[in-house]
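So the structure is just underneath, and the comments pick up after that.
Computed from a predicted structure; not experimentally measured. As the structure lists them, so they are numbered: ligands from 1, and atoms in each ligand from 1.
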Amino acid sequence: MPALSSPPEPGVQTPRTPLSAPQKALRKLGLVRDIDLALHLPLRYEDETQIVRLGDAREGDTVQIEATVTACEVTMRPRRQLLVTVDDGSDTCVLRFFSFYPSHQKALAVGKRVRVRGEVRGGFMGLVMMHPAFHSAGGELPSALTPVYPTAAGLLQAYLRRAVAGGLARADLSETLPDDIGDNRQPRPLWSLQAALSYLHHPAPDVSLAQIEDRSHPAWQRLKAEELLAQQLSQLTARRERAHLRAPVLAKADPAMASRRRPLHEQLLAALPFALTGAQRRVGEEIAGDLARPVPMHRLLQGDVGSGKTVVAAMAAAIAIEAGWQCALMAPTEILAEQHFRKLVGWLEPLDIRVAWLTGSQKKKERRAMLELIESGDAALVVGTHAVIQAQVKFRNLALAVIDEQHRFGVAQRLALRSKVDEGGQEPHLLMMSATPIPRTLAMSYYADLDVSTLDELPPGRTPIITKVVADSRRDEVIDRIRGQLAQQRQVYWVCPLIEESEALDLSNATATHAELSAALPGVLVGLLHSRMTPAEKKAVMGLFSDGLVGVLVSTTVIEVGVDVPNASLMVIEHAERFGLSQLHQLRGRVGRGAAASACVLLYSQPEAGRLSEASRERLKAMAETHDGFEIARRDLEIRGPGEFLGARQSGAALLRFADLATDSALLEWARALAPRMLDRHPDLARRHVARWLGGKSEFLKA
Ligand code: ADP
Ligand code: MG
């Protein structure tokens with residue numbers, strides 16, 4: 001057993017003492033403080049409180065028995081296995097082990113009394129348990145259910161259980177909810193945190209497991225209320241703190257006053273080859289309103305793929321530049337950043353605005369030149385990847401930072417951007433853009449610290465994309481369809497299966513498909529894009545595709561969110577059943593950008609054993625039925641629940657571990673109503689509450 005019970009002597013453990021493997025694993029799970037351990041809740045429970053007679057066990061039950069070993073042998077047929085027969089007086093049962101050690105045979109020798117726990121199955125020869133847990137019989141039975149915790153490699157349940165029990169005993173779980181919240185419509189949760197946690201870690205054997213599982217139990221309600229309140233408090237605190245910060249006032253130049261020439265944003269508008277949509281104008285006004293205020297903007301611009309966020313960002317940049325300030329625009333990948341760069345250069349350089357370009361893969365000399373342009377202020381706009389926020393990049397006067405695909409940036413990076421404060425202590429305004437919309441009302445109530453603008457209208461003239469769900473067995477027909485598109489001088493994307501956690505497999509699949517399509521389409525240049533390629537290689541392939549030289553682009557999911565090749569009219573997504581709904585929607589958004597009718601083929605494969613999962617089928621159905629990103633987001637929410645939906649990767653918002661916004665909107669409203677009053681009347685309780693839940697992470701929520 002790992003020696004949790006014998007900690008190093010006091011004073012011995014300096015920060016330099018290396019952590020043991022299980023300690024490291026705990027850290028990896030984020031379990032550092034006592035309260036973190038106390039909040040690490042079981043995945044499920046095992047009932048070790050009773051001994052069941054084999055004669056009473058039903059097939060499919062997971063039971064604990066006590067019995068005597070009557071036979072123990074290794075057989076070789078049909079494959080090597082250990083077969084142990086036990087008898088408890090009411091019936092016998094065979095324990096089967098396909099992997100075992102000599103120690104198994106010793107502990108399960110004929111005549112031993114053992115306590116065994118496992119699922120009972122009916123077999124040809126009577127009852128069977130596969131790989132049951134066992135130890136020698138006797139010893140007291142526990143009085144509560146045994147928790148099974150989410151764990152990590154190198155961390156045994158037994159160790160984790162003791163660590164959690166220790167954390168639970170030591171953590172300060174004193175009440176943080178004020179007494180005087182009676183005027184609040186929602187009553188204070190019935191259970192105290194202390195009671196809720198003790199209960200959820202060690203429920204009595206007679207609990208309603210259903211209530212625990214669906215998280216409707218009052219103990220769960222208390223935890224969810226606490227969590228949502230912590231989120232609301234910390235976001236509201238951040239909002240209030242931000243109100244004291246200063247930012248440059250970027251008022252739109254009044255066209256009537258600017259007698260010398262038209263203001264820049266108007267010139268830009270006039271030069272665009274299209275008119276703004278109503279939604280773009282409205283959102284542009286919302287942003288302009290923020291920029292004209294002396295506090296930093298903190299706004300999320302969400303809009304479906306293709307809704308035209310870039311031009312909105314360009315208009316905001318024009319306002320800042322007109323006022324004599326610099327702007328930065330960051331995208332998560334080099335391909336995306338370069339597309340923005342090209343587009344913005346095309347729009348702004350004719351208006352005499354210098355645009356600088358910064359990326360990690362740049363040559364030293366070019367980079368130095370760019371840094372000079374930025375520091376001198378000659379470049380009014382800087383476009384690039386993460387490179388834009390590195391410490392060496394000195395802006396002369398940065399007033400506005402735009403982050404595209406905000407969810408793909410780490411919080412630390414967003415904080416770094418905001419640290420580019422000017423000499424007068426003014427912070428840049430921040431505009432975050434996302435094509436992963438979350439339903440507007442949800443966004444508005446959840447993001448207490450963000451203002452949300454929504455582009456809910458696509459530019460006119462888009463032809464709708466036809467989406468077909470097709471079995472992989474009809475692959476040949478799909479390839480025929482590709483031929484048809486190529487014959488019309490159109491281009492095609494083929495996205496290869498996503499294999500979680502295996503980049504190598506991703507790659508071999510993409511390579512195989514590339515070979516297959518190259519063979520099936522003689523005379524057509526088939527390109528390959530995957531995550532192992534260098535930025536320069538990716539850029540080269542993308543360049544050939546943009547220029548129309550590559551007809552079919554085979555890619556792992558590195559088809560960057562946001563690439564814009566209007567001539568591409570067909571998107572094939574292989575193993576579409578493995579993708580998330582938002583991901584499918586993002587990918588599909590790569591086509592249908594030009595005037596040509598476009599299609600998306602979702603190829604799926606039946607798993608070897610049986611049918612597609614319910615969730616996979618629903619996702620594919622949703623994709624075929626709707627093209628509206630917000631509707632897709634809503635269905636996504638239904639299919640997988642917002643815990644994941646609002647996951648750190650998707651939104652950059654702190655992950656909700658316990659609450660579920662789809663079902664807990666009442667609790668969210670409760671927390672939203674309570675948070676401002678708690679901050680005003682009980683700031684100490686509020687601080688303690690936030691520290692308990694978010695600890696060191698609350699800093700991050702401000703980003
Ligand atoms: P996204 O919101 O996905 O980032 P983009 O900004 O890349 O979308 O815009 C998608 C395409 O639509 C671009 O080619 C862009 O120039 C074009 N576009 C943007 N606004 C309009 C508009 N109002 N009318 C016509 N085309 C537009
Ligand atoms: Mg975009």
If every non-hydrogen atom of V478 is compared with every non-hydrogen atom of W494, which pair is closest and at what distance? CG1-CZ3, 4.2 Å
Near T310 (heavy-atom distance under 4.0 Å), the atoms of ligand 1 are 4 (O), 5 (P), 6 (O), 7 (O)
Atoms in ligand 1 flagged as close to T277, the criterion being non-hydrogen separation under 4.0 Å: 23 (N)
Which class fits the ring pair W357 and F341: parallel under 30°, tilted 30 to 60°, perpendicular over 60°? tilted
Please could you name the atoms of ligand 1 that S307 approaches to less than 4.0 Å, counting only its heavy atoms? 2 (O), 8 (O)
Strictly by modelled atom types, are T359 and E334 linked by a side-chain donor-acceptor pair under 3.5 Å? yes
In terms of atom number and element, which parts of ligand 1 are under 4.0 angstrom from non-hydrogen atoms of P459? 20 (N), 21 (C), 22 (C), 24 (N), 25 (C), 26 (N), 27 (C)
Check the side chains of H429 and D290 for a donor-acceptor pair under 3.5 angstrom, ignoring hydrogens and angles. no
Mind checking whether D304 has a heavy atom under 4.0 Å from ligand 1? yes
Exercise: identify the closest heavy-atom pair between V526 and V550: C-CG1, 4.4 Å
Within the 4.0 Å heavy-atom shell around L276, which atoms of ligand 1 are there? 23 (N)
Contact (N/O only, under 3.5 Å) between G306 and ligand 1: yes
With respect to D304, which candidate in Q586, K309, H585, H627 satisfies the side chain to side chain donor-acceptor pair (under 3.5 Å) definition? H585
Going by heavy atoms, is K343 under 4.0 Å from ligand 1? yes
Polar contact flag for G303 and ligand 1 (N/O pairs, less than 3.5 Å): no
Against ligand 1, does A275 come closer than 4.0 Å with any heavy atom? yes
State the OG-CG distance between S616 and L602, to the nearest 0.5 angstrom. 12.0 Å
